[in-house]
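Read the structure below first, then the notes.
Throughout, protein chains are lettered first and strands after them, A, B, ... in sequence-line order, and every chain is numbered starting at 1.
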Number of protein chains: 2
Amino acid sequence: MIVLLEANGRQGDVDLPASIAGHVIIAGYGRVGQMIGSVLGAQEVPCLALETNTDVVARFRHRGASIFFGDASRADLLRKIDIERAGAFVTTMDSPSAAERVVEEVHRNWPHVPIYARARDVSHATHLIARGATRVVPETIEASLQLSELVLIGAGVPNDAARHLIEVRRQAEQVALDVSWGRRSG
Amino acid sequence: MIVLLEANGRQGDVDLPASIAGHVIIAGYGRVGQMIGSVLGAQEVPCLALETNTDVVARFRHRGASIFFGDASRADLLRKIDIERAGAFVTTMDSPSAAERVVEEVHRNWPHVPIYARARDVSHATHLIARGATRVVPETIEASLQLSELVLIGAGVPNDAARHLIEVRRQAEQVALDVSWGRRSG
């Protein structure tokens, strides 16, 4: 049993297993975090979420989610949810600067934990990579790719071919992001 | 030859074919529009872009793109680029309210032209559907899906299986958006 701050600010016992490993920590449980939690949960990937909005914590706790109140940039809090044995850490927060702080803190303390980060755009993505994010997903790129796929299909490109073209492009964009940061750091 | 306003505000001849059809009109040529233009161009899908930033228009015109200065909510401008025979219309603008205006105008005048729209989030998406958008791509949903896919793969789910799971979820989200608007309109 681990003691964490509950949504109401008091300390409370939470039903974490005595030892957990391979879990995914989701930092931020707004719309993005909730969808990730739902997709992973459907595949029985164990998740723990941290969220600073007490209403959200209360609502999802009530539904049985492993969600805790707290700032994901606090190393002591991350330690309590066994981040050193986590399979992945995902930042989903709206605020670009908050995401950067969290990525920096996690990468500095637990460089072996892969960090997946939501980014606003390419510029934000390069900041997150520079702070240690393993993979970044810029919203503007994803929207562009998905719109392109839909228009290609509408223009008569078969579904599978369109998806393949988009996947190739997505990978090229990821490489470009990595290279772009590599150059800056060199 | 069609006369359109050039980037400098003067009228100028542009090298549109005398009659075009099946082209994709891209409203807004920022980062999102540029990527869509690039993906479609690589597949030789003919595109015409409208953009209100004169620097962007000048830069891409210089590179040979079919890009014109102008507000995509102006029906007279859209008529000049043969929207009635376009294969698709895509809104990519940052501003939610601008996107809604454009979708409304295009759908009212040319209801047979499919409209693909970038949306900020689910709430914005429902507004765009209500105004006539055929397919909407909410940035937050796309980022969530892509992050989920990456984490699933990281957790050991094979690539193809992860992509399939995400595609099924994407379609469910699209149906939910349509139903959500259908209910509101009923």
Side-chain H-bond candidate by donor/acceptor type, A:S148 with A:R169, under 3.5 Å: no

Heavy-atom pairs under 4.5 Å with chain A, option from B:P114, B:A88, B:A143, B:A119 with the top count: B:A143

Pairs of heavy atoms under 4.5 Å with chain B: top-ranked of A:V45, A:I141, A:I166: A:I141

Chain A contact via B:E167 - which portion, at a heavy-atom distance below 4.5 Å: side chain

Side chain, backbone, both or neither of B:V24 within contact of chain A (heavy atoms, under 4.5 Å): side chain

Chain A interface, residue from B:E173, B:E149, B:R170 that has the most non-hydrogen pairs under 4.5 Å: B:R170

Residue A:H62 excluded, over 12 heavy atoms near NE2 under 6.0 Å: no

Pairs of heavy atoms under 4.5 Å with chain B: top-ranked of A:Q34, A:R31, A:R163, A:R135: A:R163

Engaged part of B:V39 at the chain A interface, taking heavy atoms whose separation is under 4.5 Å: both

Basic-acidic side-chain contact under 4.0 Å: A:R120, A:D94: no

Toward chain B, the part of A:V90 with a non-hydrogen atom under 4.5 Å: side chain

Taking every non-hydrogen atom, the tightest pair across B:T92 and B:R118: O-NH1, 2.7 Å

B:D160 CG: over 12 foreign heavy atoms closer than 6.0 Å: no

Contacting moiety of A:V32, where chain B heavy atoms sit under 4.5 Å: both

Any side-chain heavy-atom pair of A:E142 and B:L145 under 4.5 Å: no

Hydrophobic cluster membership, B:V151 vs B:V157, 4.5 Å side-chain cutoff: yes

Close side-chain approach of A:F69 to A:T54, heavy-atom, < 4.5 Å: yes

Heavy-atom contact with chain A under 4.5 Å, split by part of B:V122: side chain

Under 4.5 Å from a heavy atom of chain A, the part of B:T134 involved: neither

